[in-house]
Structures are given as C-alpha cells and as structure tokens.
Amino acid sequence: MVDTEEIMELSLQLAGLKEVPEDSAIYVNGSDIRKVLFCIDAGVPELLLAKKLGYDAVVAHHPLGGTAAINFHQVFRRHIQQMVQVGVPWEEAEKTVEKKLLALEVQGHIRNYAHVVDVAKLLKMPYMNIHTPLDEVGRRIMSERIHNRIRENSTVQDVVYALEELKEFKNAVTDIKIRLGKAENPSGKVVMSHGAGTNGGFEIAETYFEHGIGTVVYIHVSPMDLEKLKVEGKGNLIVTGHIASDSVGINPLIHELEKKEVFVTRIGVVPS
Ligand SMILES: [Fe+2]
Ligand SMILES: [Fe+2]
C-alpha cells in the first residue's frame, strides 16, 4: 500500500531530484492505494474508467490539467543545463530556449486547466501526474546506454543499435529513426536531449551542432523543425519515438510500485 505522496517521492528518488518540478503535481490526494491505473495520458475518460473498475488512483505522465499544465513551460529551461553541460556558453543556451519557452507559455495560457482536476475531485479519485521526474529517469537510462556503447569511431547507426537494446524499443510498434544525417556518418559526440518538458526543436539541435555535438537524440520532433534542420544540413538527428521513450522512464517507477505489492495496470505504456 502506498499514498500519492509516496508515489511522487519515489519518482523524485529515481530521478535524483529534490523538488517536484513545475509540470508534475498531486491534484487529489489518496492513501491506502493498492490498485493504480497508470496512463501516459489520463483525462476524464480514464478517471471514469478507474472508478468503474475499482482502482484506487490514477497516475498520468503528461500534465493534462491543474498548475502543471499552466506552468509546464518552466521545465523547458532544463535544456539550458543540458546544453551548458556539454560546453554551450550559458548566455547562448539561455538565448536558445527563449523562443520556444515563450511559445509554450503562451500555449499553456490557453489550457482549460481546471476541467480534469474538477472531475477527479467530484469522483473522489486520487489523481496525479509525474512528468519531468520520469523523463529524467528515461534520459539517464538512454544516455547511459549510448555512452556505454559508443566509441570514438562509432557511427550514427551504432547509436541506434545501442538504444535498440532497451526492451521498450524492442517492444514498440515505432522504430528509432535517423531523421537527419546518414546511418554511416560518424556519430561524433552524442547528446540525449530529453527530460525538459518537450523536445528542443530547431534552435536547440542547431545550437548543439554549432558547439561540436555530432548527433542529437530527441524523442520527438515536429515536421516543421525537421524541415528547418534539413535546410541547415548540419549534424545528425536521431528520433527515438515518443511513447516508447516515455515508457523507458515510466517502467522503473511501475516496477518500484509492484515491488511494494501495488497492482498496476498500464494504459499506453510500452512494456519492458
Ligand atoms: Fe515524457
Ligand atoms: Fe511525452
């Protein structure tokens, strides 16, 4: 048995984070939780389903409501640290995130943030979402896998092979794609860019390429950003696939819950 606080705490521990990031929150507290419905996306239908099937709590990955939906853009700043870590000057990293950060803030402002949360309250269904902590868990797993496998003469394809060893990618319907550059290109320095709300789009990939990174790995990218990157023609971009990659970070938490004898049903999560 666990409570909602313990579930959040467990995710922070796995991610090595001290505080709950702005894109994650508990909306309806719950205790004595034995049965969890764990969804990548959980809105009103999933809350009703959980009620109907006798679950004690709904845990979502993506923030669909509450403060987490409104403050979501703030975690995008995590891209700054990631860029600085591989040698991008701080001011340049700050400048690089500006445009998409503003776009995310403007978009967040549109959201009907109270809707799902109010439904959860009416149903008295414990409800929370854990986004960045689990993406950080996934980033570490994927980054470690890449850096344990690649050598100085590795190619872009070798990076793909390294990632494909993870069970989530073996089990997913989607494939890992090389969206920019060629499989036989030298990988050069590789960055796993993830765990910062959403992908860094055109600007962040381009900044990495300008600062000596040969291959950037995103979990998703918009067709428009990809087009722009292709026009510039620098570097290599591997895109691992949204749901499979989110699952890489989600499964470790589910396994921890199962160790505590919590029964977890997955919706949309690729099994490991
Ligand atoms: Fe995610
Ligand atoms: Fe996601």
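Just follow the structure's listing: the first ligand is 1, and inside any ligand the first atom is 1.
A donor-acceptor contact shorter than 3.5 Å links the side chain of Y218 to the backbone of G201. Between the side chain of R78 and the backbone N or O of G195 there is at least one donor-acceptor pair closer than 3.5 Å.
Restricting D135 to its N/O/S atoms, the shortest distance to the Fe ion (ligand 1) is reached by OD1. Restricting H62 to its N, O or S atoms, the one at the least distance from the Fe ion (ligand 2) is NE2. Residue-level check: among N/O/S atoms of D246, OD1 sits closest to the Fe ion (ligand 1).
Residues F38 and H61 keep their aromatic ring centres 6.0 Å or farther apart.
Side chain to side chain, N199 and H194 fail the donor-acceptor criterion of an N or O pair below 3.5 Å.
Within the 2.8 Å limit, H242 places at least one N, O or S atom next to the Fe ion (ligand 2). At a cut-off of 2.8 Å, H61 coordinates the Fe ion (ligand 1) through an N, O or S atom.
Summarising the local packing, NZ of K35 is surrounded by more than 12 heavy atoms from other residues, nucleotides or ligands at distances under 6.0 Å.
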